[in-house]
Amino acid sequence: MLGIVIDDSRAMRKILRGLLADLGYEVLEAGNGREALDLLQSTGRVPDLALVDWNMPVMTGLEFVIEVRKITEMRQMTLMMVTTESEHGQIVRALAAGAHEYVIKPFTRDGIIDKLALLGLVPVGVSS
Amino acid sequence: MTNDLSTAVEVDLDMIAEQVWSAFLNGDNEEETIFAAPDTGAHTDLAASVAMVGAYEGHLVVSCSHKASRDVASVLFAMEPDEVTPDDVGDALGELANVLGGNVKSVLPSPSQLSLPRVSATAHERWPGTVEVCRTVVRWRDEAYVVSLLSGGQSASNNTQGA
């Protein structure tokens with residue numbers, strides 16, 4: 001499975017990359033939404049899963065979700081917001097824009113894996 | 001918009017700090033972390049802050065020593081403290097402020113927007129026109145981390161995001 005971690009913090013990308021790699025994912029990284037779109041469009045690859053921060057420079061996570069939902073080839077990509085934005089209105093905005101799941105930082109490893117399992121995105125045979 | 005500074009703001013900084021440390025910094029064999037530690041006026045070198053603009057205006061600031069900032073970076077980047085670079089320190093301390101600030105914002109008047117984090121030397125950092133609403137001190141690995149919530153001031157100068 002292919003995942004992409006989109007976060008302007010290198011530290012957070014490293015944590016999330018490690019989590020996905022432990023689940024057997026090949027992992028791409030991007031520092032903001034624009035960088036992620038450019039990477040995916042230049043490689044022609046469509047991840048099974050994107051973990052997306054909200055507050056980033058250049059292109060926010062919400063803007064990324066909105067853009068991705070316009071691209072037919074990327075519609076099967078599961079979008080999980082992983083962010084400190086925890087106001088109810090913000091969560092509703094993200095889900096309405098097309099995000100499938102929402103995780104609030106600070107998260108636990110098990111919390112993310114449980115949500116991925118519900119989405120069918122934990123490979124068979126992999127335990128948390 | 002500015003806050004009515006007489007308005008009581010109920011923020012449990014101790015609980016929020018404990019959640020963040022538990023999730024990101026405390027490993028399985030971590031030595032005891034002291035939350036709500038005595039505020040002994042710890043020396044700080046660096047300050048990481050995020051600004052809040054909107055229904056609440058202010059800043060969330062984390063201050064600590066150089067050694068403490070390297071400890072945070074070494075855990076988040078899984079490196080030895082003497083291997084981390086200044087960029088690693090800025091990234092890690094900034095993310096710590098970002099996560100703390102996001103959780104604090106969730107219990108403040110809404111809607112508000114959170115800026116990207118900024119990290120600078122404490123000696124050069126000023127938040128004019130602000131007052132401290134509350135603070136807590138976390139003592140982790142024998143280092144003090146001062147977490148402060150400020151109200152008022154020129155929040156917009158911290159590059160607030162539009163979403």
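Here the structure is a predicted model, which is why all the values come from computation and not from measurement. Numbers restart at 1 for each chain; the letters A, B, ... are given by sequence-line order, proteins then strands.
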* To do: May I ask you to decide if A:Lys105's main-chain N or O and B:Asn103's side chain share a donor-acceptor pair within less than 3.5 Å?
  => yes
* To do: Taking A:Arg10 for its side chain and B:Asp87 for its backbone only, find out whether a donor-acceptor pair lies under 3.5 Å.
  => yes
* What are the two closest heavy atoms between A:Ala11 and B:Ala92, and how far apart are they? -> CB-CA, 4.5 Å
* Structure fact -> dist B:Asn98:CG -> A:Thr84:OG1 (nearest 0.5 Å) comes out at 4.5 Å
* Roughly how far, to the nearest 0.5 Å, is the CD1 atom of A:Ile15 from the CD atom of B:Glu95? -> 8.0 Å
* Honestly curious: do B:Val146 and B:Leu96 fall in one hydrophobic cluster under the side-chain, below-4.5 Å linking rule? -> no
* To do: To the nearest 0.5 Å, tell me how far A:Glu85 CD sits from B:Ser106 OG.
  => 10.0 Å
* To do: Indicate if A:Val82 and A:Leu118 have the same hydrophobic cluster label, given that clusters are the connected sets of ILVMFWY residues with side-chain heavy-atom separations under 4.5 angstrom.
  => no
* Asked: Are B:Phe35 and B:Val11 grouped together when hydrophobic residues (ILVMFWY) are joined by side-chain heavy atoms under 4.5 angstrom apart?
  -> yes
* **Joint hydrophobic cluster, A:Leu119 plus A:Leu20, side-chain heavy atoms closer than 4.5 Å** => yes
* To do: Nearest 0.5 Å please: distance from the CD atom of B:Gln113 over to the CD atom of A:Gln90.
  => 7.5 Å
* Heavy-atom contact with chain B under 4.5 Å, split by part of A:Lys14 -> side chain
* Do A:Pro57 and B:Leu116 come within less than 4.5 Å of each other through their side chains, counting heavy atoms only? -> yes
* Given the rule that I, L, V, M, F, W and Y join up when any side-chain heavy atoms are under 4.5 Å apart, are B:Val137 and B:Val20 in one cluster? -> no
* Side chain from CB out, backbone as N, CA, C, O: work out which of these in B:Phe24 comes under 4.5 Å of a heavy atom of chain A, or both, or neither. => side chain
* Structure fact -> Cut-off 4.5 Å, heavy atoms of chain B, and the answer for A:Ser9 is both
* To do: To the nearest 0.5 angstrom, please state how far the CG atom of A:Asp7 sits from the CG atom of B:Asp91.
  => 8.5 Å
* **Under 4.5 Å from a heavy atom of chain A, the part of B:Ala78 involved** => both
